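See below for the structure under consideration.
A, B, ... follow the sequence lines: proteins, then strands. Residue 1 opens every chain. It should be emphasised that the depicted structure is a prediction, and the values quoted were computed from it without experimental measurement.
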Amino acid sequence: MTLDEAREILEAEVIVGSDLQDIVVEMGCGADLMSDVLAFVKRGALLLTGLTNPQVVRTGEMADIVGICFVRGKRPPQETIDLARENDLPLLTTELAMFESCGRLYRDGLRGCSERTG
Amino acid sequence: MSPGAKITKTQEMVYEMKVGDVMTTDVITVQAKDRMSSLRDVFRENRISGLPVLDGERLVGLISLEDFIKWLADKQDDCPVRQKMIEEVAYAYQDEPLVLAISSFEESGVGRFPVVDSDTGRLVGILTKGDVIEGLLKKLEIDYQNEEIRSYRTDHLFTDLEADETTLTFQYLVKGHDLKQAGTSSSRLKRTLNRLGIHPDVVRRVVIASYEAEMNLVIFTEGGKIRARIQPGEVLVQVEDSGPGIADVDKALEPGYSTAPDWVRELGFGAGMGLVNIRKCADSFDIWSKPGRGTVLKATFFTEEDKNETGRSCKYTRSGSDIGPGKPQQRGDRRLCKRSA
């Protein structure tokens with residue numbers, strides 16, 4: 001699905017990013033542990049997280065993820081937003097909790113990182 | 001690139017790509033209960049020669065311009081489309097490899113396939129030979145551009161430089177406890193490797209490892225250095241600091257073992273996965289540490305994907321011991337690991 005479709009499913013607001021319909025989300029990942037993201041997430045994932053510090057963006061940059069969505073209505077601090085802009089990494093925020101966010105995306109066909117090979 | 005290689009590339013693409021990647025999603029359809037007379041405008045306005053017939057969202061048949069002309073010529077009653085459509089429709093699944101659809105085109109002589117979702121049976125698009133060609137050309141263009149950028153960059157650095165062997169070294173200084181800057185060095189390394197045209201999958205492995213190591217420097221030490229040495233065939237990353245050192249390297253390599261304080265965990269790190277991740281990303285991995293003296297970590301990443309196992313061990317022996325301060329294998333606690341392929 002595209003990042004814009006994911007945004008719609010999550011009823012999320014865009015904090016950073018444009019042309020979300022041109023960005024393909026290959027898989028989803030929900031994590032608050034950045035080391036887990038670095039270890040298990042594959043290229044092209046959308047990351048759902050409750051953490052908002054700049055290291056989340058750094059992690060996204062290193063792991064080649066295509067977007068980050070903060071759950072439970074969390075808003076990132078300005079330094080996180082600045083870093084995301086610099087790296088051209090879209091940031092979204094949804095009022096939904098982590099479980100519900102993951103559930104909705106999975107229901108609508110987005111698969112997890114372990115189900116995608118290669 | 002030889003013509004032979006190009007054909008192989010296209011063959012590879014038709015196996016990799018799915019019908020859903022190239023199909024037209026904006027499909028003009030008619031309902032089975034619609035009258036035949038309503039087709040005239042649809043055919044004329046859209047200049048198409050065939051229409052999928054739906055019952056609700058489900059595909060139930062196909063009606064062609066030919067069927068419509070025959071109906072007109074025979075001056076038959078204005079019946080529902082259902083009575084004149086072809087019910088036995090060849091269709092393609094959205095998630096089937098393109099290669100299957102291409103052979104179906106050849107075998108059946110049909111000009112178009114409606115595309116249905118394999119789970120729901122819902123019509124999701126239509127596939128013509130034109131879509132296949134356009135889809136392949138687009139993909140080729142993207143691949144070609146990427147390839148061109150890659151070879152251009154690599155050429156400049158490794159082929160155009162006159163030497164028997166070329167090695168580039170980049171060094172990044174990491175400040176301890178400076179959370180704001182944490183990750184900057186790995187980010188800069190990533191941009192550098194991308195500019196050098198290193199394969200994105202290799203870049204990803206290198207920078208995930210270097211980022212984990214950088215976080216360790218920021219969290220546990222007063223600062224240190226990340227050095228990346230790039231030469232044809234491999235990237236070697238060496239990360240070193242001068243304290244406090246790891247008391248038990250064996251333990252530190254166990255997944256989940258951590259001595260990180262709470263503020264680190266609040267950042268999403270310190271779960272005892274850092275060294276484990278680095279080892280997982282690297283083709284070979286070597287760590288030396290002594291309390292009070294510091295830690296030296298070396299990770300090697302092969303940049304050519306087709307190295308066989310023998311090739312790997314040879315490379316390892318050559319590159320494993322020729323850089324870095326002192327002779328780590330003689331002092332301190334050292335662990336040498338290889339990545340399982």
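The distance from the NZ atom of K280(B) to the CZ atom of F40(A) is 5.0 Å, given to the nearest 0.5 Å. Atom-to-atom distance recorded for S186(B):OG and R58(A):CZ is 8.5 Å, nearest 0.5 angstrom. Rounded to the nearest 0.5 angstrom, L189(B) CG and M62(A) CE are separated by 8.5 Å.
Residues D64(A) and P200(B) share a closest heavy-atom pair of OD2-O, 4.4 Å. Across all their heavy atoms, S187(B) and E61(A) have their closest contact at OG-OE2, 2.6 Å.
Of all the listed residues (G272(B), A182(B), A271(B)), the one sharing the greatest number of non-hydrogen pairs under 4.5 Å with chain A is A182(B). Interface summary for chain B: among V56(A), T59(A), D32(A), the most heavy-atom pairs under 4.5 angstrom belong to T59(A). Highest contact tally toward chain B, considering only L33(A), L38(A), N87(A), N53(A), is held by L38(A) [criterion: heavy-atom pairs under 4.5 Å]. For chain A, the option among R204(B), K180(B), K190(B) with the highest count of heavy-atom pairs below 4.5 Å is R204(B).
In this structure the side chain of S35(A) never reaches within 4.5 angstrom of the side chain of M215(B), judged on heavy atoms.
Crowding of F220(B) atom CZ: a count of heavy atoms from other residues, nucleotides or ligands under 6.0 Å exceeding 12. Counting non-hydrogen atoms of neighbouring residues, nucleotides and ligands closer than 6.0 angstrom, the CD atom of E222(B) reaches no more than 12 such neighbours. In this structure, R265(B) places its CZ atom where more than 12 heavy-atom neighbours from other residues, nucleotides or ligands lie under 6.0 Å away. Applying the 6.0 Å contact sphere to CG of D88(A) captures no more than 12 heavy atoms from other residues, nucleotides or ligands. More than 12 non-hydrogen atoms from other residues, nucleotides or ligands lie less than 6.0 angstrom from NZ of K18(B).
A distance-only check finds a donor-acceptor pair linking the side chain of Q55(A) to the backbone of L179(B) [under 3.5 Å].
For a residue to count as touching a neighbouring chain, one of its non-hydrogen atoms must lie under 4.5 Å from one of that chain's; by this rule T184(B) touches chain A with backbone and side chain alike. In this structure, chain B has no heavy atom under 4.5 Å from any part of T49(A).
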